[in-house]
Amino acid sequence: MKMVFAIVNKDDSGVVSEALTQEGFFVTKIATKGGFLSAGNTTLITGTDDDKVDQVIQIIEEHSKSRKELVSIGSIGTATYSPFPVEVTVGGATIFVLPVERFEKV
């Protein structure tokens, strides 16, 4: 058994969790905040059998799209402020797969 942690953009979290649920996976959502942009994220947690990990990852990849956004330099934590926005890539997913030593549902 594996535990899959997926950190996705808050704008994608509903679509990703719905797609996982439709395929029969149980999902726990936790609101999180990224460090670089201090942007809202959602960490999705699901446990699954080893042979279904690739399916979970595929669903996450299909529904977590990267996109470009304009942000001001002051909003990304630097000491210098610029009134001109900078284009950055947001979205996508960061996925961790961990082994599960024991699982109980009580």
Side-chain angles (χ1 to χ4, degrees):
M1 178 160 240
K2 301 289 188 208
M3 181 73 63
V4 180
F5 290 86
I7 303 166
V8 300
N9 186 281
K10 68 178 179 180
D11 297 334
D12 297 329
S13 67
V15 175
V16 175
S17 63
E18 183 177 326
L20 288 166
T21 302
Q22 286 180 352
E23 291 297 321
F25 298 102
F26 295 101
V27 181
T28 298
K29 293 170 58 171
I30 301 172
T32 53
K33 189 174 184 179
F36 178 63
L37 295 175
S38 295
N41 295 319
T42 300
T43 299
L44 303 172
I45 304 169
T46 187
T48 189
D49 295 323
D50 292 6
D51 62 334
K52 294 188 178 182
V53 169
D54 289 337
Q55 182 184 1
V56 170
I57 292 172
Q58 180 182 356
I59 292 167
I60 295 167
E61 287 176 345
E62 287 175 5
H63 297 88
S64 302
K65 301 299 179 196
S66 296
R67 56 197 161 274
K68 303 284 184 179
E69 285 187 6
L70 295 174
V71 298
S72 64
I73 295 286
S75 67
I76 60 174
T78 61
T80 307
Y81 177 79
S82 171
F84 302 106
V86 176
E87 186 175 74
V88 296
T89 302
V90 299
T94 302
I95 302 169
F96 299 91
V97 180
L98 304 170
V100 174
E101 187 175 315
R102 182 175 172 175
F103 169 75
E104 292 184 33
K105 191 168 185 174
V106 294

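No experiment lies behind these values; they were computed from the predicted model shown.
Every residue two or more places apart in sequence or in another chain was checked for a side-chain hydrogen bond (donor to acceptor under 3.5 Å, both in side chains) with Ser64, and none qualifies. Residues passing the side-chain hydrogen bond (donor to acceptor under 3.5 Å, both in side chains) test with Thr43 are Thr32, sequence neighbours excluded. Judged as a side-chain hydrogen bond (donor to acceptor under 3.5 Å, both in side chains), and not counting sequence neighbours, Thr46 has no contacts. Applying the side-chain hydrogen bond (donor to acceptor under 3.5 Å, both in side chains) test to Glu61 and every residue at least two apart in sequence or in another chain returns nothing.
The structure places CG of Asp11 at 15.0 Å from NZ of Lys65, a figure rounded to the nearest 0.5 Å.
Ile59 belongs to a hydrophobic cluster with Val4, Val8, Val16, Leu20, Phe25, Val27, Leu44, Val53, Val56, Ile57, Ile60, Ile95, Val97, counting contacts under 4.5 Å between side-chain heavy atoms of Ile, Leu, Val, Met, Phe, Trp and Tyr, direct or through other members. Listed by chain and number, the hydrophobic cluster partners of Ile7 are Met1, Met3, Phe5, Ile30, Ile45, Phe96, Leu98, Val100, Phe103, where partners are ILVMFWY side chains within reach of under 4.5 Å, directly or through others.
Here salt bridge (Lys or Arg N to Asp or Glu O under 4.0 Å) pairs that include residues 12-31, with residues two or more places apart or in two chains, are Asp12-Arg67. Sorted by first and then second residue, the salt bridge (Lys or Arg N to Asp or Glu O under 4.0 Å) pairs with a member in residues 97-106 read Arg102-Glu104; sequence neighbours excluded.
Atom NZ of Lys2 has more than 12 heavy atoms from other residues, nucleotides or ligands within 6.0 Å.
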